[in-house]
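Each residue takes its place number in the sequence, starting with 1.
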Amino acid sequence: DCTLRDGGYYNNWDFSSHLVQEYLNSLNSLGISLIEMGFRSFQSKDFKGPNWYTTDNYIKSFKIPKKIKIGVMVNAFELISHPLGIKKSTEILFTNKKNSRVDFVRLACHFNEFSKTLEIANILKKKGYIVAVNLMQISERTEKEIKEACKLAKKTKLDILYFADSLGSMDDKDIKKIVKIFKKEWAGNIGIHAHNNLGLALSNSVTALKEGVNWVDSTVMGMGRGAGNAQTEYIILEIEKFKKKFQNNLSLMKVIKKYFYPLYNKYKWGINFYYYLAGKFSIHPTYIQEMINIELTESEMIDGINQL
């Protein structure tokens, strides 16, 4: 579950400590053991909430259930472009695993950053972390590019290779094609991060699971950038491990009613006509979210999408 990370695109990663603690407890009661608590990033000039930085001190401020593994995401470009270089900048953000409550680190990168990102992955592996690389905007890449990335990853000690439908433009046929390539060229764990522009995040995630993907992302009420993600409360009903214990959903439903309904009423994430258009024409959802935030008229929205 990556609600506190992807959902932060709406509330500037400023989740209340009460929400975070009750959220952790409810997911633990469901049996969800992998939680991405936010980004880990360098200090920003603009205001960002604590789940943008997700420092070790912040994580330690919560009573985290023993069975839960905590993860953070890093935008690889921040480390690749850092003036101190990859090694030193990575060491600024991450101590050795034995001194941290973080268990896994996910590095988000574009294809042109992939080889450098694998360098970062190797540094983090030596520090003792479980490491994933999240290949963004995979729908825009050729089969040859995907194969080359998988072959490159195979030469490293990377734990999970993720692909992200960043533009929310993929369907089940696309998912099957990508997974087939991954399984042929990459021997490790495979992950999927789906976006919901076309209303297919849930079904695409289920398709991926059936095809052999073993790491799948979801967020509470689908809270995430643009049209959001596969909904945690739905996808657990599609996974054998969880669906027979749906009564355990009660704790999550209480957290949704108490915290996430008010957030939804304020930010209104989720699929709409404009996100659907963005998915159809491979437009990044951030553009749509920004246009909605500045309250453009319907005709201005359509004109903007036409230009994009």
I'd like to know whether [atom1] of [X] has more than 12 heavy-atom contacts from other residues, nucleotides or ligands below 6.0 angstrom.
X      : atom1 : answer
Lys268 : NZ    : yes
Lys97  : NZ    : yes
Lys116 : NZ    : no

State, with a plain yes or no, whether a side-chain heavy atom of [X] is found less than 4.5 Å away from one of [Y].
X      : Y      : value
Asn272 : Ile292 : yes
Ser115 : Leu152 : yes
Glu143 : Lys177 : yes
Pro285 : Leu167 : yes
Tyr162 : Val133 : no
Leu19  : Leu263 : yes
Ile302 : Tyr274 : yes

For [X] against [Y], the heavy-atom pair lying closest together:
X      : Y      : result
Ile68  : Ile32  : CG1-O, 3.9 Å
Met73  : Ala108 : SD-CB, 3.9 Å
Ile59  : Arg40  : CD1-NH2, 4.1 Å
Asp171 : Asn204 : C-OD1, 3.3 Å
Arg5   : Glu36  : NE-OE1, 2.9 Å
Leu24  : Pro65  : O-CG, 4.3 Å

Does one side chain, of [X] or [Y], offer a donor that lies under 3.5 Å from an acceptor on the other?
X      : Y      : value
Glu22  : Tyr259 : yes
Ser251 : Ser29  : yes
Asp303 : Gln307 : no

For this output row, return yes or no: ring centroids of [X] and [Y] closer than 6.0 angstrom.
X      : Y      : result
Tyr129 : Phe94  : yes
Phe163 : Trp186 : no
Phe42  : His82  : yes

### Query
Is Arg106 salt-bridged to Asp217, going by a charged N under 4.0 Å from an acidic O?
yes
### Salt bridge present between Asp159 and Lys125 (N-O < 4.0 angstrom)
yes
#### Entry: Result of checking Leu107, Leu124, Asn134 against Val74 for side-chain contact (heavy atoms from CB on, under 4.5 Å)
Leu107
If hydrophobic clusters are built from ILVMFWY residues whose side chains come within less than 4.5 Å, do [X] and [Y] share one?
X      : Y      : answer
Leu30  : Met37  : yes
Tyr267 : Leu296 : yes
Ile192 : Phe111 : yes
Ile190 : Ile160 : no

### Task
Sequence neighbours left out, what pairs pass ring pair (Phe, Tyr, Trp, His ring centres under 6.0 Å) with at least one residue falling in residues 43-68?
Trp13-Trp52, Phe39-Trp52, Tyr58-Phe62
### Task
Start with the C-alpha gap between Lys66 and Ile64, add the side-chain angles, then the distance that decides, and say whether side chain to side chain contact (heavy atoms under 4.5 Å, CB included) holds.
CA-CA 6 Å; Lys66 291 181 180 179; Ile64 297 171; over 6 Å; no
### Separation of Asn75 CG from Glu78 CD (nearest 0.5 Å)
5.5 Å
### Message
Between Thr156 and Leu118 (side chain of the first, backbone of the second, donor and acceptor by atom type, cut-off under 3.5 Å), is there such a pair?
### Response
no
### Task
Could you tell me whether a side-chain N or O of Glu145 sits under 3.5 Å from a main-chain N or O of Thr142, the two making a donor and an acceptor?
yes
### Ring geometry between Trp269 and Tyr264 (parallel below 30°, tilted from 30 to 60°, perpendicular above 60°)
perpendicular
Report all side-chain donor-acceptor pairs from residues 222-239 shorter than 3.5 Å, counting only partners two or more places apart or in another chain.
| from | atom 1 | to | atom 2 | distance (Å) |
| --- | --- | --- | --- | --- |
| Arg225 | NH1 | Thr286 | OG1 | 3.4 |
| Asn229 | ND2 | Asp6 | OD2 | 3.2 |
| Asn229 | ND2 | His193 | NE2 | 3.3 |
| Asn229 | ND2 | Ala194 | O | 3.3 |
| Thr232 | OG1 | Asp1 | OD2 | 2.5 |
| Thr232 | OG1 | Ser218 | OG | 2.7 |
| Thr232 | OG1 | Thr219 | N | 3.2 |
| Thr232 | OG1 | Thr219 | O | 3.3 |
| Glu233 | OE1 | Met221 | N | 3.0 |
| Glu233 | OE2 | Met221 | N | 3.1 |

